[in-house]
Amino acid sequence: MEKDRRDIRKFPDPILREKAEFVEDVNGDIIALIKRMEDIMHRAKGIGLAANQIGIRKSIIVAEVDGDKVVIINPLILESYGEDRMEEGCLSIPNTYIEITRPTGAVIKGINEEGNEVQREYGGLIARVIQHEIDHLQGTLIVDYLSPSEFIKFQMEYEKISKGEDK
Ligand code: ZN
């Protein structure tokens with residue numbers, strides 16, 4: 001359990017800023033990686049995880065909200081609509097919660113675990129989680145939604161918190 005906790009890369013780890021690469025072939029290694037991502041997400045009590053959060057630059061996200069389980073390889077937002085503001089946390093930025101405005105719903109295209117192209121519309125919390133995870137694949141983090149002065153404040157507080165945390 002502790003090992004998995006350490007598997008999650010924490011801000012300011014540079015890999016969190018790198019863009020994920022498209023997955024060309026959904027082979028056994030990719031399926032094994034997805035299973036590992038789901039395990040780590042569950043153990044960390046998270047509701048979403050992107051592959052680069054565990055140090056792997058592949059375009060894969062997993063999410064689970066109220067039993068609605070989502071695995072999307074090479075996810076792409078085709079369209080989005082509405083606007084909603086809500087506080088978000090991130091497994092890679094412990095003890096930090098930031099209010100973020102995002103579209104309420106989105107149509108997402110991608111590839112499923114069978115290697116087939118899929119397209120689905122998501123709304124509510126799961127739509128928010130998916131958009132948060134797609135941000136990760138682009139190297140974007142919740143702290144990027146802060147104003148410059150809010151970001152400086154965050155950094156000071158985060159440093160304090162990080163020093164106190166078990167490594
Ligand atoms: Zn996150």
Worksheet item: Has Asn116 got more than 12 heavy atoms of other residues, nucleotides or ligands less than 6.0 Å from its CG?
Response: yes

Practice prompt. Specify the closest pair of heavy atoms between Ile15 and Ile56, including all atoms of both residues, with the distance to one decimal.
Written response: CD1-N, 4.3 Å

Response to the item:
Residue set satisfying side-chain contact (heavy atoms from CB on, under 4.5 Å) with Asp144, at least two apart, ordered chain then number -> Arg17, Thr140, Leu141

Worksheet item: Which residue pairs pass the ring-ring contact (aromatic ring centres under 6.0 Å, His included) test when at least one of the two sits in residues 102-133, sequence neighbours left out?
Response: His132-His136

Worksheet entry | By salt bridge (Lys or Arg N to Asp or Glu O under 4.0 Å) - contacts of Asp68 (at least two apart) | Arg120

Worksheet item: Does a side-chain heavy-atom distance below 4.5 Å link Leu125 with Met86?
Response: yes

Worksheet item: Are any of the side-chain heavy atoms of Leu137 and Asn52 separated by less than 4.5 Å?
Response: yes

Worksheet, complete the sentence: Those residues at least two apart in sequence (or on a different chain) that pass ring pair (Phe, Tyr, Trp, His ring centres under 6.0 Å) with Phe151 are Phe154

Discussion item. A side-chain contact here means heavy atoms from C-beta on lying under 4.5 Å apart; do Ile30 and Asp25 qualify?
Written reply: no

Worksheet item: Can you list the residues that meet the side-chain contact (heavy atoms from CB on, under 4.5 Å) rule with Thr101, with sequence neighbours excluded?
Response: Glu83, Arg85

Discussion item. Name the residue from Ile134, Ile111, Val118 that meets the side chain to side chain contact (heavy atoms under 4.5 Å, CB included) definition with Pro75.
Written reply: Ile134

Worksheet item: Restricting to pairs with a member in residues 131-142, which pass salt bridge (charged side-chain N to carboxylate O under 4.0 Å, His left out), not counting sequence neighbours?
Response: Arg102-Asp135

Worksheet item: Is there side-chain contact between Ile77 and Gln131, with heavy atoms separated by less than 4.5 Å?
Response: yes

Worksheet item: Can you name the residues that form a side-chain contact (heavy atoms from CB on, under 4.5 Å) with Glu121, not counting sequence neighbours?
Response: Tyr81, Val107

Fill in: For Glu113, all residues meeting salt bridge (Lys or Arg N to Asp or Glu O under 4.0 Å), sequence neighbours excluded
Lys35

Worksheet item: Can you name the side chain to side chain donor-acceptor pair (under 3.5 Å) partners of Asp13, sequence neighbours left out?
Response: Arg9

Worksheet entry | Pro12: side-chain contact (heavy atoms from CB on, under 4.5 Å) partners, not counting sequence neighbours | none

Worksheet entry | Any donor-acceptor N/O pair, Arg128 side chain to Asp84 backbone, under 3.5 Å | yes

Worksheet item: Can you list the residues that meet the salt bridge (Lys or Arg N to Asp or Glu O under 4.0 Å) rule with Lys69, with sequence neighbours excluded?
Response: Glu38

Fill in: salt bridge (Lys or Arg N to Asp or Glu O under 4.0 Å) partners of Glu79, counting only residues at least two apart
none

Practice prompt. Give a yes or no on this: more than 12 heavy atoms of other residues, nucleotides or ligands lie within 6.0 Å of atom CD of Gln119.
Written response: yes

Discussion item. I'd like to check Phe11 versus Pro94 (side-chain heavy atoms, cut-off strictly below 4.5 Å). Are they in contact?
Written reply: no

